[in-house]
Amino acid sequence: EDQVTQSPEALRLQEGESSSLNCSYTVSGLRGLFWYRQDPGKGPEFLFTLYSAGEEKEKERLKATLTKKESFLHITAPKPEDSATYLCAVIQAGTALIFGKGTTLSVSS
Amino acid sequence: GAVVSQHPSWVICKSGTSVKIECRSLDFQATTMFWYRQFPKQSLMLMATSNEGSKATYEQGVEKDKFLINHASLTLSTLTVTSAHPEDSSFYICSAREPPRETQYFGPGTRLLVL
């Protein structure tokens with residue numbers, strides 16, 4: 001059973017069309033939830049770390065939120081350069097990062 | 001801040017040869033570094049965790065004699081793929097953790113092609 005599930009698997013948006021990506025998790029004792037962006041052929045680029053339910057973080061057009069069961073990555077008025085795969089990962093005490101399978105976002109102009 | 005580099009970015013080698021990949025944390029000291037492997041259109045698969053000055057911890061199914069990891073300093077970890085074969089061709093990515101935070105910062109990756 002997957003401990004981290006991301007949805008949708010793929011998302012196509014028009015430029016300016018806001019949307020949200022979901023990351024649900026079933027781990028207990030969460031010590032952190034992480035969002036990364038990965039472009040093809042490159043390593044993941046760190047976006048946000050969230051530690052507790054209710055926490056929110058923003059960076060440019062991106063906003064990440066966290067509840068006790070899931071996290072959302074909200075993308076406001078996306079641009080074509082926001083096209084990438086967005087990875088969610090969680091960490092429990094004494095474990096390594098557990099990654100979801102990612103959401104591939106395509107933004108067309 | 002929190003920049004991680006990898007070298008080389010691309011390597012092509014003949015079957016049976018060994019390849020060394022370097023991972024460096026450029027602006028912080030990383031007591032723990034991680035090595036991942038990623039297949040096309042799949043997520044990252046953790047291979048091993050390396051702590052400075054001690055032996056690496058390998059994930060189940062990863063051959064430690066084939067994938068040699070050395071973490072000799074707080075800013076450098078190396079992964080050596082010994083006697084590489086075509087099935088070892090993949091995208092290898094390292095990451096480093098800046099204590100006491102849990103956040104891992106990733107390198108740009110190394111594409112290995114074994115002919």
Side-chain angles (χ1 to χ4, degrees), chain A residues 2-11 21-25 27 29-52 55 57 59 64 66 71 83-106, chain B residues 1-10 21-28 30 32-51 56-60 62 79 90-113:
Chain A
D2 289 347
Q3 294 175 289
V4 181
T5 303
Q6 290 188 246
S7 62
E9 186 175 319
L11 180 63
L21 281 56
N22 177 264
C23 171
S24 61
Y25 59 93
V27 301
L30 181 76
R31 289 185 59 174
L33 183 142
F34 309 87
W35 283 99
Y36 292 90
R37 167 193 171 129
Q38 186 174 27
D39 292 298
K42 296 187 178 180
E45 174 190 346
F46 170 71
L47 294 175
F48 304 109
T49 302
L50 301 167
Y51 291 104
S52 57
E55 191 174 359
K57 291 200 175 164
K59 178 182 178 181
L66 180 64
S71 176
S83 298
T85 296
Y86 291 84
L87 298 171
C88 170
V90 300
I91 194 165
Q92 301 170 269
T95 70
L97 278 180
I98 304 169
F99 279 93
K101 294 181 179 178
T103 294
T104 299
L105 173 66
S106 298
Chain B
V3 178
V4 177
S5 69
Q6 270 184 254
H7 179 79
S9 56
W10 244 110
I21 303 170
E22 290 187 351
C23 176
R24 293 182 184 271
S25 57
L26 298 184
D27 52 1
F28 66 98
T32 307
M33 288 184 169
F34 307 84
W35 288 95
Y36 295 82
R37 186 172 179 176
Q38 187 174 35
F39 293 103
K41 298 192 182 297
Q42 293 189 25
S43 194
L44 286 76
M45 182 188 79
L46 179 66
M47 298 175 64
T49 301
S50 77
N51 291 294
T57 303
Y58 291 82
E59 295 300 301
Q60 192 172 9
V62 177
L79 168 68
S90 191
F91 190 49
Y92 293 88
I93 312 173
C94 72
S95 71
R97 189 169 72 89
E98 182 181 16
R101 300 186 185 91
E102 297 282 3
T103 301
Q104 291 183 26
Y105 298 93
F106 287 83
T110 297
R111 178 77 59 189
L112 171 64
L113 178 61

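Residue numbers begin at 1 in each chain, while the letters A, B, ... track the order of the sequences. Fair warning: this is a prediction, and the values are worked out from it, not measured in the lab.
In terms of heavy atoms, B/E102 sits closest to A/Y51 at N-OH, 4.4 Å.
Residue B/T103 holds its OG1 atom at 9.0 Å from CG of A/L97, rounded to the nearest 0.5 Å.
Interface residues of residues 38-47 of chain B toward chain A, defined by a heavy-atom distance below 4.5 Å and sorted by number: B/Q38, B/S43, B/L44, B/L46.
By the 4.5 Å heavy-atom criterion applied to side chains, A/Q38 and B/I93 are counted as neighbours. For the pair B/Q104/A/Y36, a side-chain contact is recorded, criterion being any heavy-atom separation below 4.5 Å from C-beta on.
For B/T32, the side-chain hydrogen bond (donor to acceptor under 3.5 Å, both in side chains) test picks out B/N51, with sequence neighbours left out.
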